[in-house]
Novice: 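Have a look at this one before I ask anything.
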Amino acid sequence: MNMRLALVLGLASVAAWPGAIPAAAQGAAAVDPAAVRATAVKLADWQLGRLDPSHIAAATGETGNPRAWEQAVFWVGMTALADAPGTPPRIKQAVMDMGRRNAWRPGDKPYFADDHAITQAYLWAAANGAGAEARAPTRAAFDRVVDQPAVTTLAFAVPKKGGYSATECLDRWCWCDALFMAPPALAVLSNQTGDPKYRQFATKEFWATTDFLYDPVEHLYYRDSRFFDRRDEQDRKQFWARGNGWVFGGMARIIPQLPANSPDRRRMEALFKEMAAKLLTLQKPDGYWAPSLLAPENSPPETSGTGFFTYGFAWGVKAGLLDKARYRPAALRGWNALTRAIQPDGRLGWVQQVSDRPDRVTASDTQYYGVGAFLLAATAVADMERTGR
């Protein structure tokens with residue numbers, strides 16, 4: 001990895017980073033669940049007031065699309081916040097209003113997992129008062145995916161003509177981010193409709209992607225096959241924090257939807273615990289994870305990967321999958337790191353912008369998906385602390 005990935009633009013000194021405070025000041029003391037939820041609501045309100053992407057430093061062609069993945073992950077986090085005790089009704093109402101504005105439609109590309117992420121919010125709405133109307137377009141879209149599956153390899157080959165978006169394997173889950181975007185919705189859809197075909201498709205494809213992208217030595221996922229041979233100056237493999245965060249957070253959303261004691265659930269729980277054990281060794285003393293997980297030296301704070309890992313740790317402790325004595329302190333360190341990244345204007349900073357690999361990040365960088373990860377982490381931490389008392 002080029003050393004520029006560890007640099008932060010506009011940074012006067014490493015001491016200015018929120019993660020650069022002494023490790024002794026970053027303990028894992030208990031937090032008040034109500035205060036955690038209040039912090040989440042405040043950030044959610046900040047983001048709800050800024051659905052115009054003009055505040056995004058590196059907006060893409062999809063940033064302003066309310067059905068695309070960047071905003072969708074924020075709405076996934078909003079559903080978790082809406083479920084939390086004591087959350088003001090306006091959070092639920094915002095999710096409902098968004099779905100109705102979108103006419104409950106997924107993104108436009110029928111097989112593209114990123115265009116399925118928003119359906120997680122729609123299915124939540126269907127189960128929380130919006131009814132079958134909110135579920136119908138999602139079911140129609142997934143019927144096509146399951147009944148007429150794409151036929152392609154998982155090798156990520158970008159064509160010279162058409163570029164990245166024309167990559168053939170994007171019709172399947174050939175990049176690890178996809179394991180957050182689509183499988184949780186498919187599993188929920190089976191539970192809501194009673195038809196197991198969606199869950200069966202999701203688990204089959206999840207394992208195909210895992211068998212292809214998961215490194216059994218490092219217990220981490222390559223972002224896609226282009227990174228199999230990539231090494232940095234110290235000959236270390238490149239494992240992207242947010243990419244692995246997508247998978248780890250995705251499993252926290254999929255596992256509860258799988259039948260108890262089913263082979264797929266047992267296998268995924270084992271994978272989750274194996275990955276958690278590796279991630280525990282990679283958390284920095286300041287509570288963050290480095291953008292390139294195996295290259296922590298001089299790395300800046302980064303809140304999207306840290307948000308998903310904190311979410312997964314807290315959820316895993318509460319679910320009884322992760323040992324409380326080992327993982328609760330790590331979840332609390334992650335939460336403390338996330339709260340330190342809130343900027344004076346109320347935004348969540350230090351969110352690496354849209355990419356497919358580790359890259360530079362600044363204090364002012366924010367993004368919808370970073371806020372979504374923060375909301376997932378907040379609700380899971382509050383739940384962990386509430387049930388642990």
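Values reported hereafter were calculated over all heavy atoms of this structure, with side chains retained and with hydrogens, waters and symmetry mates removed.
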Novice: CD of Q93: more than 12 outside heavy atoms within 6.0 angstrom?
Specialist: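 Yes - once you tally the heavy atoms of other residues, nucleotides and ligands closer than 6.0 Å, there are more than 12.
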Novice: Can you confirm if the aromatic rings of F272 and F248 lie within a centre distance of less than 6.0 Å?
Specialist: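 Yes - the distance between ring centres of F248 and F272 falls below the 6.0 Å cut-off.
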Novice: Between C174 and T209, is there a side-chain heavy-atom distance shorter than 4.5 Å?
Specialist: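 Result no, sub-4.5 Å side-chain heavy-atom pair not found.
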Novice: Decide if atom NZ of K204 counts as having more than 12 heavy atoms of other residues, nucleotides or ligands within a radius under 6.0 Å.
Specialist: yes
Novice: Salt bridge or not for R236 and E297, using N-O below 4.0 Å?
Specialist: yes
Novice: Do side-chain atoms of T167 reach the backbone of L170 as a donor and acceptor pair under 3.5 angstrom?
Specialist: no
Novice: Any salt bridge between E269 and K273, counting N to O under 4.0 Å?
Specialist: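 Looking at E269 and K273, the cut-off is not met.
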Novice: Is the F142-H116 ring centre distance short of 6.0 angstrom?
Specialist: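 Between H116 and F142, which both carry aromatic rings, the centre distance is below 6.0 Å.
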Novice: Testing D215, L220, N244 for side-chain contact (heavy atoms from CB on, under 4.5 Å) with K278, which one passes?
Specialist: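 Per the side-chain contact (heavy atoms from CB on, under 4.5 Å) rule, the option paired with K278 is L220, out of D215, L220, N244.
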Novice: Assess the residue pair F212 and F228 against the criterion (side-chain contact (heavy atoms from CB on, under 4.5 Å)); give the C-alpha distance rounded to whole Å, side-chain angles, the decisive distance to 0.1 Å, and a yes or no.
Specialist: CA-CA 10 Å; F212 190 59; F228 286 167; 4.1 Å; yes
Novice: Could you walk me through whether D108 and R67 pass the salt bridge (Lys or Arg N to Asp or Glu O under 4.0 Å) check?
Specialist: CA-CA 8 Å; D108 292 329; R67 295 185 289 134; 3.1 Å; yes
Novice: Using the ring pair (Phe, Tyr, Trp, His ring centres under 6.0 Å) rule, pick out the option among F227, F180, F112 that qualifies with W175.
Specialist: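 Passing option: F112.
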Novice: Could you please spell out the steps behind the side-chain contact (heavy atoms from CB on, under 4.5 Å) verdict for L280 and R326?
Specialist: CA-CA 9 Å; L280 186 64; R326 295 183 65 208; 3.3 Å; yes
Novice: Under a plain distance cut-off of 3.5 Å, with no hydrogens placed, do S304 and R242 share a side-chain donor-acceptor pair?
Specialist: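 Their side chains do contain a donor-acceptor pair, which is all the 3.5 Å distance test asks for.
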Novice: Assess whether a salt bridge exists between R267 and D211, defined as any Lys/Arg side-chain N lying under 4.0 Å from an Asp/Glu carboxylate O.
Specialist: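 Between D211 and R267 there is a salt bridge, with a charged N closer than 4.0 Å to a carboxylate O.
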Novice: Return the CG to CG distance between L81 and L376, rounded to the nearest 0.5 Å.
Specialist: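 Answer for the CG-CG pair, L81 versus L376, is 9.5 Å.
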Novice: Main chain of A341, side chain of Q343: is a donor-acceptor contact present, judged purely on distance under 3.5 Å?
Specialist: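 Yes, the answer is positive, given that a donor and an acceptor are paired below the 3.5 Å cut-off.
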Novice: As a test of understanding, state which of F308, W335, Y311 forms a ring pair (Phe, Tyr, Trp, His ring centres under 6.0 Å) with F374.
Specialist: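 Result: among F308, W335, Y311, W335 is the only option passing the ring pair (Phe, Tyr, Trp, His ring centres under 6.0 Å) with F374.
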Novice: For T339 and N336, which I'm curious about, is there any donor-acceptor pair between the side chains at under 3.5 Å?
Specialist: no
Novice: Between the main-chain N or O of G305 and the side-chain N or O of E302, is there a donor-acceptor pair closer than 3.5 Å?
Specialist: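 Checking the backbone N and O of G305 against the side chain of E302, a donor-acceptor pair under 3.5 Å is found.
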Novice: Report the C-alpha separation of R333 and D286 in whole Å, then their side-chain angles, then the decisive distance to 0.1 Å, and conclude whether the salt bridge (Lys or Arg N to Asp or Glu O under 4.0 Å) test is met.
Specialist: CA-CA 7 Å; R333 284 193 296 272; D286 61 14; over 6 Å; no
Novice: May I have the step-by-step check of ring-ring contact (aromatic ring centres under 6.0 Å, His included) for F156 and Y164, ending in yes or no?
Specialist: CA-CA 10 Å; F156 204 107; Y164 188 100; 5.4 Å; yes
Novice: For M251 and L179, what are the C-alpha separation, side-chain angles and deciding distance, and is it a side-chain contact (heavy atoms from CB on, under 4.5 Å)?
Specialist: CA-CA 8 Å; M251 284 194 285; L179 299 184; over 6 Å; no
Novice: Does a donor on one side chain and an acceptor on the other come within less than 3.5 Å for T303 and T306?
Specialist: no
Novice: Could you tell me whether the side chain of P183 reaches within less than 4.5 Å of the side chain of E205, counting heavy atoms only?
Specialist: no
Novice: If you apply the rule salt bridge (Lys or Arg N to Asp or Glu O under 4.0 Å), what do you find for D147 with K197, and how did you get there?
Specialist: CA-CA 9 Å; D147 296 341; K197 72 175 184 179; 3.1 Å; yes
Novice: May I ask you to decide whether R386 forms a salt bridge with D383, counting only side-chain N to carboxylate O separations under 4.0 Å?
Specialist: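 Salt bridge between R386 and D383, a charged N being under 4.0 Å from a carboxylate O: yes.
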Novice: Quick check against the 3.5 Å criterion: does W240 have a side-chain atom that pairs as donor or acceptor with the backbone of R357?
Specialist: yes
Novice: We want to know whether T152 and E168 form a side-chain donor-acceptor pair, criterion being a heavy-atom distance below 3.5 angstrom.
Specialist: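 The criterion, which ignores hydrogens and geometry beyond distance, is satisfied for E168 and T152.
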Novice: Flag the pair Y368 / L51 as yes when at least one side-chain heavy-atom distance between them is below 4.5 Å, and no otherwise.
Specialist: yes
Novice: Please check if the side chain of T366 supplies one atom and the backbone of R347 the other of a donor-acceptor pair under 3.5 Å.
Specialist: no
Novice: Have Q257 and R199 got a donor and an acceptor in their side chains that come within less than 3.5 Å?
Specialist: no
Novice: Among side-chain atoms of R360 and Q353, is any donor-acceptor pair under 3.5 angstrom?
Specialist: no
Novice: For the rings on Y221 and Y214, is their centre-to-centre separation under 6.0 Å?
Specialist: yes
Novice: Examine distances only and state if a side-chain atom of W104 and a backbone atom of A126 form a donor-acceptor pair shorter than 3.5 Å.
Specialist: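 Pair absent, no side-chain N/O of W104 close to backbone of A126.
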Novice: Going by an N to O cut-off under 4.0 Å, is there a salt bridge joining R328 and D323?
Specialist: no
Novice: Check the pair R135 / Q192 against side chain to side chain donor-acceptor pair (under 3.5 Å), numbers first and verdict last.
Specialist: CA-CA 9 Å; R135 182 169 51 243; Q192 288 191 5; 2.8 Å; yes
Novice: So if I apply the side chain to side chain donor-acceptor pair (under 3.5 Å) rule between Q367 and each of E70, Q71, H55, Q47, which one comes out positive?
Specialist: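 Exactly one option meets the side chain to side chain donor-acceptor pair (under 3.5 Å) with Q367, and it is E70.
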Novice: Taking atom CG as the centre, does D229 end up with more than 12 heavy-atom neighbours from other residues, nucleotides or ligands that are less than 6.0 angstrom away?
Specialist: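 Open: at most 12 neighbouring heavy atoms sit under 6.0 Å from CG of D229.
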Novice: For F313 together with W289, are the ring centres under 6.0 Å from each other?
Specialist: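 They qualify: ring centres under 6.0 Å apart.
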Novice: When you compare the side chain of I254 with that of L258, does any pair of heavy atoms fall below 4.5 Å?
Specialist: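 Yes, side chains in contact.
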Novice: Kindly state whether the ring of F239 and the ring of Y222 have centres lying under 6.0 angstrom apart.
Specialist: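 Yes - the distance between ring centres of F239 and Y222 falls below the 6.0 Å cut-off.
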Novice: Salt bridge (Lys or Arg N to Asp or Glu O under 4.0 Å) for D177 and R223? Distances and angles first, verdict last.
Specialist: CA-CA 7 Å; D177 319 26; R223 196 275 178 176; 3.4 Å; yes
Novice: Do NZ/NE/NH1/NH2 and the carboxylate oxygens of D356 and R226 come within less than 4.0 Å?
Specialist: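 Salt bridge between D356 and R226, a charged N being under 4.0 Å from a carboxylate O: yes.
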